[in-house]
2 protein chains.
Amino acid sequence: MSSSTEPRRVTIHDVARSAGVSRQTVSRALNDKAEIDGSTKQRVLDAARALGYRPSRFARGLVRPDTTTIGLVVPDLLNPFFTEVASGALEAARARGRHVVVYDTTDDPAQELATLEVIGSQVDAVVGYFTRPEDDLDRGTAGIPVVLIGREPRTPRFSGIAIDGEEGVREAVAHLVSRGHRRIGMLDGQPEATVRRQWFLRAAAECGVRVHPGWVTAGAQTVDGGGSALATLLAAHPDVTAVFAFNDVMAIGALREARRFGLRVPADLAVIGFDGLALGTLVDPELSSVAIDTRALGALAVEQVERLVTGATPLPPGELVVRAALHLRESA
Amino acid sequence: MSSSTEPRRVTIHDVARSAGVSRQTVSRALNDKAEIDGSTKQRVLDAARALGYRPSRFARGLVRPDTTTIGLVVPDLLNPFFTEVASGALEAARARGRHVVVYDTTDDPAQELATLEVIGSQVDAVVGYFTRPEDDLDRGTAGIPVVLIGREPRTPRFSGIAIDGEEGVREAVAHLVSRGHRRIGMLDGQPEATVRRQWFLRAAAECGVRVHPGWVTAGAQTVDGGGSALATLLAAHPDVTAVFAFNDVMAIGALREARRFGLRVPADLAVIGFDGLALGTLVDPELSSVAIDTRALGALAVEQVERLVTGATPLPPGELVVRAALHLRESA
DNA sequence: CTGAAAGCGCTAACAG
DNA sequence: CTGTTAGCGCTTTCAG
C-alpha cells in the first residue's frame, strides 16, 4: 500500500519523448550547452518543467564523478567547541563547493563505531574528531582520506590537525603569576593526564611556581564536570587562588561553582579556560581563556582533506597546527 | 600536472579479474548474498582489499535508489538556537538512516538564494529555516519536499513546523504580574512587529496590564541587539521593571546590559527570554524563558519530510506544532 | 553455486 | 544544430 503511489521516476527519456527530441538534446538544453537552437531548448525546458523532471544525482555522478562529499564527524554538536569547529569546516567546504554530511556520534564510542561502519560507503573523505584507536578508524574508512582534528595520528595513514597550546598556556600561567598568584590549580579533563596538563605543569615550573599534586583535579569535560572538579579541589585546598581549566566549558562550570562557594571571580579566585569560545563572552565575569581559532581548526581540516582528495601535495604536519594565545577578559 | 597521479578507479571488474570470477560473484560476496561458496567469497574479499576497492556510491545509487539525502538549511550554525534544532534534526535523520547535508546560509539572503540554486540537485528533500519568499524557495526546490521550520507556509506546496508560544508567553506575563510587575516592556526582534510581540501584547491585555507603546523596542536578533534594545528602552523609560525578550540570545544581551546599568536581575529588572536554550543555564542569573523543545522542532521537521519523501500520509498542520511553556529559573 | 545479459539515467563522443 | 552509439559501475534477472 505504502508504495501504491510510487511515482516512477521521470527520466530524461520521458522529457525527450514529450518534447519530440532525442535524449541528447534534452541533456544539452538542461546543461546550457551552446550547440542548441533557442526554441528547441525552450521547448525542452518547458516539457521538463511540465513533467516535473529532476536529473538523477546518481546517473550524473556516475558519468561526471567530480562530486566529492566530505563526512564531518563530531562527538556532540551541542558542545559549543564542536559547533565552532563544524561551522568553520562547513564554510571552508562551501567555498570549495563540497557537500558536507554531518555525523554526530553523541559522545558515545559505540555510536562512533557505528558511524565508522557506514561512513566509508557514504562519503569520499572524512574529517572529524574521533576517540577510537586508529585500527578502528582505518577499518571503516579504508581507501579514503581521513583528517583527524585535535589528535596526532600515530601513522601516516592519517593526517591530523594539532592544537599547540603550549605557548598560550605559558602566557596564562605567567599572567597569573604576575598578578601575584602562587597557588594555582588545574581542572583537568577526563580521561586524565592530558597534554594540556603537561603544558600547565611545565609552564608553572618555568614560572617558578610549585604545583602541589593535589591542586590538580579532574572532571568530565562538561559544565558540571568543571563544577565538581573545582568543588573537589576547593574542599581539599581552599587556599588555591587561581585555576586553569582544561577547556572553557569546564571553566564556566567552575565559574558557577565558585559563585556557590561565595567566591568572587577574579578577586577571590581567578579562572582561565582553554579554547576561547564565543560563549565565554556571555558569562559574567567574561571568561579569560587560552584561545585557539576553532573555526580555523575546522577549515584547516577541510583544506587538508581537499588536497588529499584531489591529489594535490598535502600540507606537511608542521602546517597542520593551530596555536593558542591568551585572551584576557574578566575572569583573570 | 595536478592529476598526473589520477588513480583510475578500481572497479568491480578489476576485482573480478583479480579473483578469477565474474563481476556478479564479486557483487554477491560484497553484499553478503547467500548463494556463494565460502572460499570463493573469501578470495573475492581478499582481492578487493588488496586492490583497495571501494564500491561507487553513484553506480550503486543508480541501481538501488533508496538513498534519500536530506538537506538541512540553517541561517547560522553558531546561533545556539539553530545548533539545537540541527542537533535534533540530525538525530532524527540518523534514526531513519538518512544522510544530512548541512548548509549554513550565514544569515545572508544572497547566500540563502545561492543555496537554493544548487540544493535541488544535491538532495532529495529539504528541511530548514528560510527567510526568502516562497517563490524563491519553490524555484530551487521544484519537485522535492520542503519543510519550513518556524514559519507557516502560505501554500500547500510546503509544510511548516509552527511554534506556538501564545500560551507560554501568557504564563510568562502572568508570572511577572503575579510578582507585582506593572510596567513590563518587550525587546522585540527585527524585522519588527513579530508574532511574539502580538502574543505579548495580547497576554498583557488579558492580564490587565497596559503596555505603553514606548515600552516595546526592537533590536537585531543577537546578544548585542538585545543589549542595545534594552539600552534604548531604559533610556526612555527607566521605570520599566520587567522585560520579555524576543529570544534567549537577546535576553542574554539584556542581562549583560542591565549589569552595565547597575541594575540587579531580577531585583531591579526581571528578564524573561524565549526559546529555552541550554545556554540560559550558563549565565548568571540563570535565564527564565518561554521554552520550546528546540530539538523536537528539528526532529519533527525530519519526521514530516520523511513522510513526504516516502509517500506516507503526512502529518496534518495541527500536529506540526511545537508549543512553549514557561521555564522559571532565576532571572524572573 | 556461478556466469551471461540487460539496464538503471545520464553525458561524451562521434556522425550526420 | 541534432541524433546515434557507447559506456560510466553496479545489481538484478535468468540461465547454466
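Chain identifiers are assigned alphabetically (A, B, ...) following the order of the sequence lines, protein sequences preceding nucleic acid strands; residue numbering begins at 1 within each chain. For clarity, every value in this text was computed on a predicted model and none was experimentally measured.
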*Considering only heavy atoms and no angle criterion, is a donor-acceptor pair shorter than 3.5 Å present between the side chain of Arg54(A) and the base of dG9(C)?*
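It does not, because no donor-acceptor pair links the side chain of Arg54(A) to the base of dG9(C) below 3.5 Å.
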*asked:* Distance criterion of 3.5 Å, no angle test: do you see the side chain of Arg28(B) paired donor-to-acceptor with the base of dG3(C)?
replied: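 It does, because a donor-acceptor pair links the side chain of Arg28(B) to the base of dG3(C) below 3.5 Å.
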Selected nucleotide, minimal atom distance to [X] side chain, candidates [options]:
X	options	answer
Leu62(A)	dG3(D), dT11(C), dG9(D)	dG9(D)
Ser56(A)	dG3(C), dT2(D), dC10(C)	dC10(C)
Thr11(B)	dT2(D), dG9(D), dT11(D)	dG9(D)
Ser27(B)	dG3(D), dT11(D), dG9(C)	dT11(D)
Arg60(B)	dC14(D), dA13(C), dC10(D)	dC10(D)
Arg23(A)	dG9(D), dG3(D), dC10(C)	dC10(C)
Gln24(B)	dG9(C), dT2(D), dT11(D)	dT11(D)
Thr40(A)	dT12(D), dC1(D), dC10(C)	dC1(D)

_Can you measure Asp124(B) atom CG to dG9(C) atom P for me and round it to whole angstrom units?_
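To the nearest whole Å, that distance equals 14 Å.
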*For His13(B) and dA5(C), what is the distance between atoms NE2 and P respectively, to the nearest whole Å?*
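Rounded to the whole Å, the gap is 13 Å.
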*asked:* Whether Thr25(B) contacts dG3(C) is assessed here as follows: a side-chain N or O lying under 4.0 Å from the phosphate OP1 or OP2. Is that the case?
replied: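 So the side-chain polar atoms of Thr25(B) do come within 4.0 Å of the phosphate oxygens OP1 or OP2 of dG3(C), strictly under.
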*If you find the nucleotide of DNA chain C closest to Ser22(B) and the one closest to Ala59(B), which residue's nucleotide is nearer the 5' end?*
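The 5'-side residue here is Ser22(B).
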_Audit row: Thr115(B), Arg132(B), side-chain hydrogen bond (donor to acceptor under 3.5 Å, both in side chains) steps and yes/no_ = CA-CA 12 Å; Thr115(B) 299; Arg132(B) 305 210 55 117; over 6 Å; no
*Side chains of Gln24(B) and Ser22(B): donor-acceptor distance under 3.5 Å anywhere?*
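Note: Gln24(B) and Ser22(B) side chains meet the donor-acceptor criterion.
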*Do Gln111(B) and Thr106(B) have side-chain N/O donor and acceptor atoms under 3.5 Å apart?*
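There is no such pair (donor and acceptor under 3.5 Å, judged by atom type) between the side chains of Gln111(B) and Thr106(B).
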